[in-house]
Amino acid sequence: MRRSTATTTAAAVAVAALLVTATGCGGGTTDGAGSNSAPGELTYWASNQGADIAADQAALGPELKKFEERTGIKVKLEVIPWSDLLNRILAATASGQGPDVLNIGNTWSASLQATGALLPWTAENFEAVGGRDRFVASAIGSAGAAGQDPAAVPLYSMAYALYYNKKMFQEAGIEKPPATWDELVETGRRISGGGTSGKWALGAEGANLANNIHQVFVLSRQHGGSFFDAAGKPTFDTPANVAAVKSYVDLMAEARIVAPGNAEYDKNQSLQDFAGGRTAMVLWQSAASSFKAHGMKEGDWGTAPVPVPAGAVPGTGTGVNSMVAGINMAVFKNTDNLDGALKFVGFMTSDEEQKILNRTYGSIPPVKAAQSDPAFADQDLTVLRDTLATSAAPLPQVPEESQFETTVGTAVKELFADAAAGRPVTTESVRARLAKAQQQMAN
């Protein structure tokens with residue numbers, strides 16, 4: 001479902017309000033203090049990690065049943081698409097009605113932490129799940145603002161990679177994946193012919209606000225820019241950020257290697273196109289499990305680092321080629337099954353479950369002991385792990401981060417809509433959209 005401008009504007013207003021006054025949710029006490037008044041059940045909002053919601057339900061169902069058999073606690077599961085998840089969380093926080101435990105994108109940690117609605121992960125709470133030292137330090141660093149107790153616990157660690165269809169590359173006479181953006185455009189034009197071949201070079205999710213932010217954040221870093229200054233003040237419409245956003249949208253508007261229909265994609269449709277041989281490349285986090293679910297086999301695709309500017313190599317500065325990606329588990333502070341929620345987080349982050357879940361989703365365990373499993377040494381995950389270690393940068397851990405995703409993500413979505421409709425995407429039109437987003441943040 002596409003989100004309207006009115007919906008995203010409402011979300012932005014909700015974030016701003018929540019940063020001032022927060023209420024809890026999860027059905028517990030109204031003062032935000034958790035209780036154990038409903039010890040036999042939990043509600044869990046899981047993010048859509050697999051090929052579709054049904055795939056996640058199939059993957060998580062046996063694990064939740066295992067937890068119920070061990071503890072007697074029944075978990076009611078709802079898998080929520082990424083296009084809806086932030087709005088659902090904000091609505092739950094504002095209304096006081098929501099789940100006990102939920103997944104959040106790690107980029108939202110500081111924003112949701114600032115509402116006061118999430119359970120702080122104090123030393124005592126960490127002890128209930130085996131201790132803070134079990135987790136990789138960088139994953140904990142993306143679980144909340146510096147100097148505060150984390151707002152969540154890491155569940156899956158990820159990074160972006162460039163996935164390419166080996167058969168389509170071979171048919172086009174292309175021997176290796178592109179390492180720079182210029183090479184990607186050249187490769188893309190050979191595959192798509194500007195749309196005349198019936199196939200397209202690169203998939204995008206132009207209506208997915210979070211994905212838009214992830215892509216333009218990396219491009220901003222590659223252009224030497226930043227969306228916030230050192231004091232946390234928005235700097236959306238700087239020349240570097242304008243150039244970054246324009247270069248992303250121009251993959252559709254100018255280079256014509258992204259299909260116009262991708263402007264409306266927001267629920268992983270680009271992965272289906274890739275698996276179906278309609279698109280040759282996609283920039284994605286930990287996509288292997290989705291490809292398999294859509295009928296691809298090991299060896300059908302290759303994995304390479306995300307391109308960097310000509311003359312750069314993956315690393316720091318202009319060589320940044322991914323945001324530090326990952327999924328965290330949070331507990332609403334006023335849950336009515338606090339003990340059960342801590343047990344559930346402990347179960348999901350146990351060594352055993354970390355191996356099962358991260359193997360299922362093609363992600364990297366943020367739990368140190370689970371990373372040693374041989375299942376996490378294949379080529380896909382080696383690229384992701386190397387990217388996280390050497391060339392990924394965290395999105396700003398500022399309270400306004402989720403509002404940044406909403407406002408700037410919407411600006412990029414609107415620019416993709418312009419490109420799909422054949423309307424010009426100029427430097428001035430990009431600057432105007434980013435200036436509008438910055439003004440919305442100020443209000």
Side-chain angles (χ1 to χ4, degrees), residues 2-16 19 83 86-87 105 107-108 110-111 160 181 204-255 258 262-266 283 309 318 320 323 393-443:
R2 296 183 62 191
R3 290 199 290 177
S4 66
T5 301
T7 301
T8 51
T9 301
V13 172
V15 175
L19 295 179
S83 55
L86 181 57
N87 278 347
T107 63
W108 305 338
S111 295
Y160 274 87
W181 291 108
E205 298 273 328
N208 185 314
L209 308 191
N211 189 273
N212 285 343
I213 288 297
H214 298 169
Q215 308 298 346
V216 301
F217 167 77
V218 168
L219 287 163
S220 171
R221 293 295 295 265
Q222 293 183 355
H223 281 77
S226 175
F227 284 98
F228 291 87
D229 63 20
K233 181 180 177 181
T235 54
F236 297 168
D237 60 350
T238 62
N241 289 336
V242 170
V245 171
K246 188 174 188 302
S247 67
Y248 184 48
V249 179
D250 273 350
L251 295 172
M252 177 187 292
E254 184 177 305
V258 177
N262 283 204
E264 298 188 5
Y265 282 7
D266 70 350
L283 301 166
T318 58
V320 167
M323 42 84 72
L395 264 72
Q397 286 286 326
V398 296
E400 297 83 6
E401 198 284 329
S402 59
Q403 191 178 1
F404 159 57
E405 291 197 18
T406 299
T407 55
V408 175
T410 297
V412 177
K413 171 184 173 180
E414 292 170 347
L415 289 163
F416 269 121
D418 287 344
R423 294 186 289 269
V425 176
T426 66
T427 297
E428 180 53 32
S429 68
V430 174
R431 190 206 65 77
R433 285 265 168 63
L434 292 177
K436 177 183 177 181
Q438 185 161 315
Q439 184 60 39
Q440 289 174 330
M441 287 280 288
N443 293 337

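- Using a cutoff of 4.0 Å between basic side-chain nitrogens and carboxylate oxygens, Asp250 and Lys246 are scored as salt-bridged.
- Summarising the geometry of Val398 relative to Ser111, their closest heavy-atom pair is O-OG, 3.5 Å, with the distance given to 0.1 Å.
- Expressed to the nearest 0.5 Å, how far OG1 of Thr107 lies from CZ of Phe217 amounts to 10.0 Å.
- In this view, Val218 and Gln222 satisfy the side chain to side chain contact (heavy atoms under 4.5 Å, CB included) rule, not counting sequence neighbours.
- In terms of heavy-atom proximity, Ile213 sits nearest to Gly409 at CD1-N, 3.5 Å.
- A distance-only check finds a donor-acceptor pair linking the side chain of Asn241 to the backbone of Thr235 [under 3.5 Å].
- Under a 3.5 Å cut-off, the side chain of Asp266 and the backbone N or O of Glu205 do not form any donor-acceptor pair.
- Residues Thr318 and Pro309 come closest through the heavy atom pair O-CD, 3.5 Å.
- Within the 3.5 Å criterion, the main-chain N or O of Val242 finds no donor-acceptor partner in the side chain of Asp237.
- Scanning both residues, Val216 and Phe227, for their nearest heavy atoms gives O-CE1, 3.7 Å.
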Checklist entry - Can you check side-chain contact (heavy atoms from CB on, under 4.5 Å) on Glu405 and Trp108, steps first, answer last? => result CA-CA 9 Å; Glu405 291 197 18; Trp108 305 338; 2.9 Å; yes
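- Phe236 and Phe404 have tilted rings, their planes meeting at an angle from 30° to 60° on a 0 to 90° scale.
- Considering CE of Met441 and OG1 of Thr406, their distance stands at 9.5 Å, rounded to 0.5 Å.
- A distance of 8.5 Å separates CG of Leu209 from CG of Asn87, quoted to the nearest 0.5 Å.
- Interatomic distance, CG of Leu86 versus OG of Ser402, reported as 5.5 Å (0.5 Å rounding).
- In plain terms, the two heavy atoms of His214 and Tyr160 that are nearest each other are ND1-OH, 2.8 Å.
- Identified under the side chain to side chain donor-acceptor pair (under 3.5 Å) test for residues 416-434, with sequence neighbours left out: Glu414-Arg433, Asp418-Arg423, Asp418-Arg433, Thr426-Ser429, Glu428-Arg431.
- Note that OH of Tyr248 and CZ of Phe416 are 4.5 Å apart. Values are rounded to the nearest 0.5 Å.
- A pairwise comparison of heavy atoms in Leu434 and Ala411 identifies CD2-CB, 4.5 Å as the closest pair.
- In this view, Ala243 and His223 satisfy the side chain to side chain contact (heavy atoms under 4.5 Å, CB included) rule, not counting sequence neighbours.
- For the atom pair CE of Met252 and CG of Leu415, the computed distance is 11.0 Å after rounding to the nearest 0.5 Å.
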